[in-house]
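Structure record follows, encoded as structure tokens.
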Amino acid sequence: IGPERISAVSSDDTGNTRKARRLYCTRYPHVLNMQDACHQIDKPIQQICKLDAFKDVIVTLRSTLAFMARSTYTMEHFNYERELLKIGRGLQSIGETRFGTIHWAAESLRRCLPALRNIVGDETLDIDINYFMSSTAQSIDLELSLTKLIAVIGPFAKAIQCLESPHTNPADVYLYWLAIVSQLTHLFSHNRVGLSAATMEDIRAITNKRFDQMINKSPNDVYITAFFLNP
């Protein structure tokens, strides 16, 4: 145990942790100063979810998951209907200590919409959740809003999941940032989900700022260097 056995230090990018990394690496110049890549990619997800375009759908998502977690009666009928429809996976909660879980929760709700619509539409069950009533404006709008949210935060959440692998190396950080930017560029150029121009501009600004912070203003060029040297 000792500094000679340490090759790099990593942490989130708050003022005190950033300073601690800098001081440590100044004292031991052979140690690489690296930001927490997953934490940095999660920040854009948080910012995007605060945009006006996604506030309503996130409120609906959270309230639905909370209701389903509390209602044993509804969950029992939901799971039964889900099995009939051969929907393999159920609803996923939003974790407070895991990065990007709001994407997987939104994806789970969209995947399970047919089962939810069926149990709400069955008047004998007396499950009153209006925005899951089949063929209503509310239900269609919810599915569209979920699709938009999943489309814009999906690239970030999937990059986080890949970077959490034990086989990840610094080159992958730059590679997945390129993948995020490429996917968003493709999404915005075709805009099949119907995002407003203002929303796309906000997401571009958020992404560019975080890319600049993570890659261009990195304490060293370890990510680009590793990407260049990776065979």
Side-chain angles (χ1 to χ4, degrees), residues 8-22 24-25 32-55 57-58 61-62 94-107 145-165 168-191 193 195-228 230:
V9 292
S10 178
S11 72
D12 59 29
D13 230 27
T14 59
N16 57 341
T17 55
R18 187 169 60 247
K19 182 179 180 181
R21 291 200 321 266
R22 178 173 54 79
Y24 189 89
C25 294
L32 294 173
N33 183 349
M34 301 174 68
Q35 303 126 301
D36 183 341
C38 293
H39 187 262
Q40 289 289 357
I41 295 177
D42 183 62
K43 285 182 177 180
I45 295 178
Q46 297 178 27
Q47 288 182 280
I48 291 169
C49 288
K50 292 178 181 178
L51 296 177
D52 290 340
F54 306 111
K55 284 183 179 179
V57 69
I58 289 172
L61 172 63
R62 289 185 178 276
I94 301 173
E96 299 299 329
T97 58
R98 292 292 306 276
F99 297 135
T101 55
I102 194 164
H103 168 265
W104 306 110
E107 183 68 80
S145 297
L146 284 170
T147 299
K148 290 180 180 181
L149 177 65
I150 292 165
V152 297
I153 65 175
F156 298 95
K158 292 171 186 176
I160 290 172
Q161 191 173 54
C162 292
L163 288 172
E164 287 177 338
S165 165
T168 297
N169 65 66
D172 294 326
V173 176
Y174 187 56
L175 175 66
Y176 288 125
W177 263 110
L178 293 179
I180 290 169
V181 174
S182 176
Q183 284 184 295
L184 290 178
T185 300
H186 179 77
L187 175 68
F188 295 161
S189 63
H190 295 82
N191 197 19
V193 295
L195 296 166
S196 70
T199 299
M200 289 190 288
E201 283 303 311
D202 287 338
I203 295 171
R204 282 194 188 99
I206 291 169
T207 304
N208 289 341
K209 178 182 177 181
R210 294 303 178 183
F211 179 90
D212 192 49
Q213 183 179 2
M214 184 72 197
I215 304 299
N216 296 333
K217 294 183 179 178
S218 171
N220 45 60
D221 289 327
V222 61
Y223 306 116
I224 296 179
T225 303
F227 179 80
F228 179 76
N230 192 341

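As the structure is a prediction and not an experimental result, all values here were calculated from the model.
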The test is side chain to side chain contact (heavy atoms under 4.5 Å, CB included); show your working for W177 and R210 and say whether it passes. CA-CA 10 Å; W177 263 110; R210 294 303 178 183; 3.8 Å; yes

Taking the side chain as every heavy atom from C-beta outward, state whether [X] and [Y] have any atom pair closer than 4.5 Å.
X	Y	answer
C49	L149	yes
I153	F54	no
H39	S11	no
V222	V173	no

Does [Y] offer a backbone N or O that forms a donor-acceptor pair with the side chain of [X] under 3.5 Å?
X	Y	value
R21	D12	yes
N220	N33	yes
S189	H186	yes
D172	N169	yes
E164	F99	no

Would V193 and I150 satisfy side chain to side chain contact (heavy atoms under 4.5 Å, CB included), going step by step from the backbone distance to the final call? CA-CA 10 Å; V193 295; I150 292 165; over 6 Å; no

Nearest 0.5 angstrom please: [X] [atom1] to [Y] [atom2], how far?
X	Y	atom1	atom2	result
W104	Q161	CH2	CD	4.5 Å
F156	Q40	CZ	CD	12.0 Å
F188	T207	CZ	OG1	6.5 Å
I180	T185	CD1	OG1	11.5 Å
D42	L163	CG	CG	12.0 Å
Y176	C162	OH	SG	4.0 Å

Partner residues of [X] under the salt bridge (charged side-chain N to carboxylate O under 4.0 Å, His left out) criterion, sequence neighbours left out:
X	answer
K55	D52
R22	none
D221	none

Give me the atom names and distance for the closest heavy-atom approach of [X] to [Y].
X	Y	result
G95	T101	N-OG1, 2.9 Å
M214	A37	CE-CA, 3.6 Å
A105	I94	CB-CG1, 3.5 Å
G100	I45	CA-CD1, 3.9 Å

Side chain to side chain contact (heavy atoms under 4.5 Å, CB included) between C25 and V9, intermediate numbers included: CA-CA 8 Å; C25 294; V9 292; 3.7 Å; yes

Would you say K158 has more than 12 foreign heavy atoms packed within less than 6.0 Å of its NZ?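 Check fails, neighbour count at 12 or below.
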
Would you please test L187 and L195 for side chain to side chain contact (heavy atoms under 4.5 Å, CB included) and show each step? CA-CA 9 Å; L187 175 68; L195 296 166; 4.2 Å; yes

